[in-house]
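Here the structure is a predicted model, which is why all the values come from computation and not from measurement.
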Amino acid sequence: MEKETSSSSDVSASHVGRVRNRRRANEFLSAVMVTTDGNKANGQTLLVSDRNKYKSMLIRTYSTVWMIGGFAFLVYMGHLYIWAMVVVIQIFMATELFNLLRKSSEEKQLPGFRLLNWHFFFTAMLFTYGRFLSRELVNTVSSDHLLYKLVSGLIKYQMFICYFLYISGFVWFILTLKKKTYKYQFKQYAWTHMILLTVFAQSSFTVANIFEGMFWFLLPASLIVINDIAAYLFGFFLGRTPLIKLSPKKTWEGFIGASVTTIISAFLLANVMGRFQWFTCPRKDLSTGWLQCDPGPMFKPEHYYLGDWVPHWFPWKDVFLMPVQWHALALGLFASIIAPFGGFFASGFKRAFKIKDFGDSIPGHGGITDRMDCQMVMAVFAYIYHQSFISPHNFSVDAILDQILRNLTYEEQRNLYEQLGEMLGNLCKADKLAACL
């Protein structure tokens, strides 16, 4: 019995020893695998240690070249074409977001329910762009009397038309409610309104920036692209320290490197873009012709003498800088520090729904929504910054004419112009102004 007991204890001891050795071996192998595969954050490999990174980089680069080339062509074509591009992007974004919570089993019981979502979408589009583009639309058709009266009437009653369309959609929704699908339908109704708020509340500022001057659209959008590419490249080659748990492949090296690159690029790009009237002049109608205007003090170079600030061997003692370049630094800071949080928000959103990308329309990048998350945040800031620090706050001739065209009838406008003509004539007779002679 003692021999059996001792033998059994030896067996158990040897078994425990083998288990411990096996655990140690597994721990050693896992440590080796982590070292070989690279640092990990939240179970995902950093980009610098990803074995397939060169293949994904090639695909991503190919798509990026095509997107930049297409975007440059639209910039060459003009403001109206860029606005059309924004509308197409909105449609793709809405499609991706509509499909996110869509359930085919429920949709089969609700024929035509998807059409209701698009009814609200195009109602929101009419409301948003009717507000921002009313002046440009009137200026475009002002030469045709009949068309001018039609467009003026549409603009005057635009809010009522949009409200009527929305109420009709609301009644449509109530009439389509079906038993056993109430929860799904109300969820989709709320989700549709969240999509419209996200897509239109921010992209409307993008369109406003385009017609204020392509500079205020192109520079912020370019800074986001530069920041994204620089963060990818710095993280690709140098990334070691994880930045945020929501995006495990983002690193501090990529974030800091991209920030410095973006701020420098903002200062230099502002000087280059500010030299072209095609970028700086506002578009006051929906035509596609060339633009000519007074660029204003923001885009006129000022002389700076650097003799007391640079060494004697430095070749450039005098530099000419535009005042808008200093404002571009603020845009660069926002694009590099705050705008990436739009991407972090999208990453957290995708984690909540357990999806990798919003779509697969862009190879190597995911969906359109994946590319526009930071752009939306940047567009709002660019518009608010322009209205707060750049745009003059006093009444201008264009603003007064806009109010006249929007609020007076054709006969009232004609009477106003006749009275102004009489007043100018009397002023010329009294003061003998040189401009009247």
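Side chains of Arg371 and Asp228 form a contact here, defined as non-hydrogen atoms less than 4.5 Å apart. Side-chain contact between Phe255 and Lys250 is absent, with no heavy-atom pair separated by less than 4.5 Å. Taking the side chain as every heavy atom from C-beta outward, Phe217 and Val207 never approach each other to under 4.5 Å. The shortest distance between side-chain heavy atoms of Ile256 and Phe234 does not fall below 4.5 Å. Annotation: side chain of Arg240 is not in contact with side chain of Thr251 (no heavy-atom distance under 4.5 Å). A 4.5 Å side-chain heavy-atom check between Phe71 and Met85 finds at least one atom pair inside the cut-off. A heavy-atom distance below 4.5 Å is not found between the side chains of Thr198 and Met376. Side-chain atoms of Ile195 and Phe98, non-hydrogen and from C-beta on, do get closer than 4.5 Å to each other.
Between atom CZ of residue Phe320 and atom CG of residue Asn271 there is a gap of 11.5 Å, rounded to the nearest 0.5 Å. The line from CE of Met378 to CD1 of Ile224 is 5.5 Å long, rounded to the nearest 0.5 Å. Within the model, atoms NZ of Lys156 and CD1 of Ile161 stand 12.0 Å from one another, a figure rounded to the nearest 0.5 Å. Atoms CD1 and OH, from Ile390 and Tyr383 in turn, are 14.0 Å apart once rounded to the nearest 0.5 Å. For the atom pair Arg283 CZ and Phe211 CZ, the distance stands at 8.0 Å (nearest 0.5 Å). In this structure, the separation between CG on Leu196 and CE on Met194 is 10.0 Å, given to the nearest 0.5 Å.
Using cut-offs of 30° and 60° for the angle between ring planes, the Phe299 and Phe215 rings count as perpendicular. The aromatic rings of Phe120 and Tyr189 sit perpendicular, their planes meeting at an angle over 60°, well past the 30° parallel limit. By the 30° and 60° cut-offs, the orientation of the rings of Phe276 relative to Phe279 is perpendicular. Taking the six-membered ring for Trp and thresholds of 30 and 60 degrees, Trp118 and Phe121 have ring planes more than 60 degrees apart, a perpendicular arrangement.
Trp66 meets the side chain to side chain donor-acceptor pair (under 3.5 Å) test with Tyr62; sequence neighbours excluded. For Phe345, there are no side chain to side chain contact (heavy atoms under 4.5 Å, CB included) partners, not counting sequence neighbours. Annotation: ring pair (Phe, Tyr, Trp, His ring centres under 6.0 Å) contacts of Phe353 (sequence neighbours excluded): Phe349. Considering only residues two or more places apart in sequence or on other chains, Tyr129 meets the side chain to side chain donor-acceptor pair (under 3.5 Å) condition with Gln90. Thr192 meets the side chain to side chain donor-acceptor pair (under 3.5 Å) test with Asn117; sequence neighbours excluded. The salt bridge (Lys or Arg N to Asp or Glu O under 4.0 Å) search around Asp294 returns Lys300, not counting sequence neighbours. Under the rule for a ring pair (Phe, Tyr, Trp, His ring centres under 6.0 Å), the partners of Trp326 that lie at least two apart in sequence or sit in another chain are Phe267. Residues satisfying the disulfide bond (SG atoms under 2.5 Å apart) test with Cys162, not counting sequence neighbours, are none. Among residues two or more places apart in sequence or in another chain, the side chain to side chain donor-acceptor pair (under 3.5 Å) test is passed with Asn99 by none. The salt bridge (Lys or Arg N to Asp or Glu O under 4.0 Å) search around Arg114 returns Glu107, not counting sequence neighbours.
Between the side chain of Asp285 and the backbone N or O of Glu136 there is no donor-acceptor pair closer than 3.5 Å. For the pair Thr176 (side chain) and Phe173 (backbone), a donor-acceptor distance under 3.5 Å is present. A side-chain donor-acceptor contact under 3.5 Å links Gln158 to the backbone of Phe127. Within the 3.5 Å criterion, the main-chain N or O of Pro282 finds no donor-acceptor partner in the side chain of Glu212. Looking at Glu96, its side chain does come within 3.5 Å of a backbone N or O of Ile368 through a donor-acceptor pair. Under the 3.5 Å distance criterion, the side-chain polar atoms of Gln202 are left unmatched by any main-chain donor or acceptor of Val380. When atom types are taken as modelled, the side chain of Thr181 and the backbone of Tyr184 share no donor-acceptor pair closer than 3.5 angstrom. Judged by distance alone, the side chain of Gln325 and the main-chain N or O of Met322 form a donor-acceptor pair under 3.5 Å.
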Point to revise | side-chain hydrogen bond (donor to acceptor under 3.5 Å, both in side chains) evaluation trace for Asn209 with His386 | key: CA-CA 9 Å; Asn209 291 336; His386 177 269; 5.9 Å; no

Exercise for review: Please test Ser203 against Met93 for side-chain contact (heavy atoms from CB on, under 4.5 Å), starting from the C-alpha separation and ending with a verdict.
Suggested key: CA-CA 11 Å; Ser203 59; Met93 289 178 63; over 6 Å; no

Check your understanding: How far apart are the C-alpha atoms of Ile355 and Leu100, what are their side-chain angles, what is the distance that settles it, and do they pass the side-chain contact (heavy atoms from CB on, under 4.5 Å) test?
Key -> CA-CA 9 Å; Ile355 58 175; Leu100 192 59; 3.3 Å; yes

Point to revise | Working for ring pair (Phe, Tyr, Trp, His ring centres under 6.0 Å), residues His79 and Trp278 | key: CA-CA 10 Å; His79 303 65; Trp278 185 244; 5.5 Å; yes

Exercise for review: Starting from the C-alpha separation in whole Å, work towards a yes-or-no answer on side-chain contact (heavy atoms from CB on, under 4.5 Å) for Phe122 and Leu165.
Suggested key: CA-CA 9 Å; Phe122 287 106; Leu165 290 174; over 6 Å; no

Point to revise | His193 and Tyr166: CA distance, side-chain angles, deciding distance, ring pair (Phe, Tyr, Trp, His ring centres under 6.0 Å) verdict | key: CA-CA 11 Å; His193 283 69; Tyr166 178 81; 5.7 Å; yes

Review point. Between Ile210 and Leu218, does a side-chain contact (heavy atoms from CB on, under 4.5 Å) hold up when you go through it step by step?
Key: CA-CA 8 Å; Ile210 293 172; Leu218 189 58; over 6 Å; no

Check your understanding: After noting the C-alpha distance and the side-chain angles of Ser347 and Ser247, does the key distance pass the side-chain hydrogen bond (donor to acceptor under 3.5 Å, both in side chains) rule?
Key -> CA-CA 6 Å; Ser347 298; Ser247 297; 2.9 Å; yes

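More than 12 non-hydrogen atoms from other residues, nucleotides or ligands lie less than 6.0 angstrom from OH of Tyr304. Enclosure of atom OH in Tyr163 is not indicated, since only 12 or fewer non-hydrogen atoms of other residues, nucleotides or ligands lie within 6.0 angstrom.
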Tabulate below the donor-acceptor pairs under 3.5 Å that side-chain atoms of residues 329-338 make, not counting sequence neighbours, or state none.
{"residue": "Ser336", "atom": "OG", "partner": "Gly332", "partner atom": "O", "Å": "2.9"}
{"residue": "Ser336", "atom": "OG", "partner": "Leu333", "partner atom": "O", "Å": "3.2"}

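A ring-centre distance under 6.0 Å is found for Tyr385 and His327.
Every pair passing side chain to side chain donor-acceptor pair (under 3.5 Å) that includes a residue from residues 254-265 is listed here, sequence neighbours excluded: Asn227-Thr262.
The shortest heavy-atom contact between Pro220 and Ala382 is CG-CB, 3.6 Å.
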